[in-house]
Amino acid sequence: MESTIQSREIAPRSSEAMDSQLSKLGNHLITKFHVLMRISQIYDSKNVALQQFIQESLQAINTFIRREGSLCLKIMADDIFLNERRLRYSVEGFTSFKYLLTQWKKRFIGEILYKEPLDEETLGTFIYILMGLEEGREENAALFSEKLKEHHISSIEVGPLEVYETEEGIYPRKKEDSREVAKKVFFETIGTVKEVITHIKGRQHADVRKLKRLIRKAVHLIMEDESILLGMTTIKNYDEYTFNHSVNVAIYSLAMGRRLAFSRSVLSELGITAMLHDIGKSKIPLEVLNKPGSLDLEEWGQMKKHPLTGVEIVLNLKQLGEVNPKMVIGIFDHHLKNDLSGYPKLFRQKRVSLFGRIIQIADAYDAMTTPRIYKKVPYTPEQALAVMLKERDVHFDSILLKMFIGLVGVYPIGSLVLLDTHEMGIVFKPNTDPQWMDRPQVILIDRDARGKGKKERVDLAEGDGRGHFRRSVMKTLDPNKYHIDIGKYFAGKDGD
Ligand SMILES: [Fe+2]
Ligand SMILES: [Fe+2]
């Protein structure tokens, strides 16, 4: 099912072509950095040969930044990631790769981000600070940042090498830490969306570069383990609905995009589109947005304009770089409904775009499962899916909806379930084997402690050694009735 959708809807060739173009560019860049680092160790900063080489390198670096909005090089284990995409090195590029990896690792530098095009002086200063760092000092990234500040360089950010130590030496951070990283990305993204929306409301300049960077991180996390970010969507922040909602819709959309085998660059576009799908609402007065009762005709008219207003806003966000038509159309389409009975009204019939159809599902599911001012008790995940299934074809693309249900599971992440052992549990991670969709991993909770105390994680696919399952779901429960704050299990330190 997934592969047919993929071959129909996206052109893998073009994305592959893009990837190979990126890896060529990447190799070119790494070679430039290699030579720069080497030369800087031989010559002083005034040397003519060095100056000339800086100029040449700048051209490659700045062309890339202008095209992609920023340039981020990151080391993870023995790989270099260029803007969150792993670079495959060419045979000729191997020496440069190795050199950069070794030199950065020795200095505990793991990530460098160029946020805007550089000038000669900045690049020169940067290289000399980098190579001047004493080897083996873990605090180098912080020192580096300080030195950049001293030189009034704000267009470059530096991050430490992610490491943990064992007896045999230093290794990149363990995979289990993904949950901590995801949490950071999740909350940082909410904050950034908030900033962007507030700026747009105040007609101020909105900086979306950070948002783009965070989306690339989210794409990376989704590729690694989708259940971690999906778990974050259960953190329903009542006061920050708009921002929280934007991020959740992006997470669900990314997870769907991943199942549709989108490339990383298409995933990033989808993520940004989903994140900004309701940006048009920033122009609607809060009294209308948060009105507890039903909207009158005029208010409803205002509300229906938000997809189109969103398109206008996005087209004006210069830092988004080249705005792909897919993104604009996705925002325009997100309330059209599958049978086009939604809004805006169209003059000419068309099919809802793939981005639009994905966001429609993510949007509806998140809206239904989140408490709102006018609906304090939300649907449980199961109820929401049931409502959506009833409206399939009319409202949603039924194939994508089926895929979405497969994604959140028969028992979606965050569902409260009663087990045949009379224990209560919260679904933590769906079972990826379609045959065992009803056997997710759950956290057992103590009914009296209401989420406090020790939480044991169990796998419902686990047998008892005598051909039976140890535990099975009897039914789902409504967490609102038991006053259980599901989000706490995914946000808190003791969540896992
Ligand atoms: Fe909307
Ligand atoms: Fe929405």
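When a ligand or atom number is given, it counts from 1 through the structure's own listing order. Only this structure's heavy atoms are used, side chains among them; waters, hydrogens and symmetry mates stay out. Positions are given from 1, in the same order as the sequence printed here.
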- Query: Heavy atoms, side chains only, cut-off 4.5 Å: are I153 and L118 in contact?
  - Reply: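 Not touching, per the 4.5 Å side-chain cut-off.
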- Hey, does N62 have a side-chain heavy atom less than 4.5 Å from the side chain of Y114?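 Counting from C-beta outward, Y114 and N62 never come under 4.5 Å.
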- Task: Measure up the Y343 and H335 rings against each other and bin them: parallel (under 30°), tilted (30 to 60°), perpendicular (over 60°).
- Result: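 Parallel: the ring planes of Y343 and H335 meet at under 30°.
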- Count the heavy atoms belonging to other residues, nucleotides or ligands that lie under 6.0 Å from NZ of K350, then report whether that count exceeds 12.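 Yes, NZ of K350 has more than 12 neighbouring heavy atoms, counting only those of other groups under 6.0 Å.
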- Residue D278, metal the Fe ion (ligand 1), N/O/S under 2.8 Å: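 Coordinating: yes.
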- Message: Suppose we only count N/O/S atoms under 2.8 Å; would H277 qualify as near the Fe ion (ligand 1)?
- Response: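 Of the N, O and S atoms in H277, none lies under 2.8 Å from the Fe ion (ligand 1), which means no.
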- To the nearest 10°, how many degrees is the angle D363 OD1 to the Fe ion (ligand 2) to H245 NE2?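 It is 70°, given to the nearest 10°.
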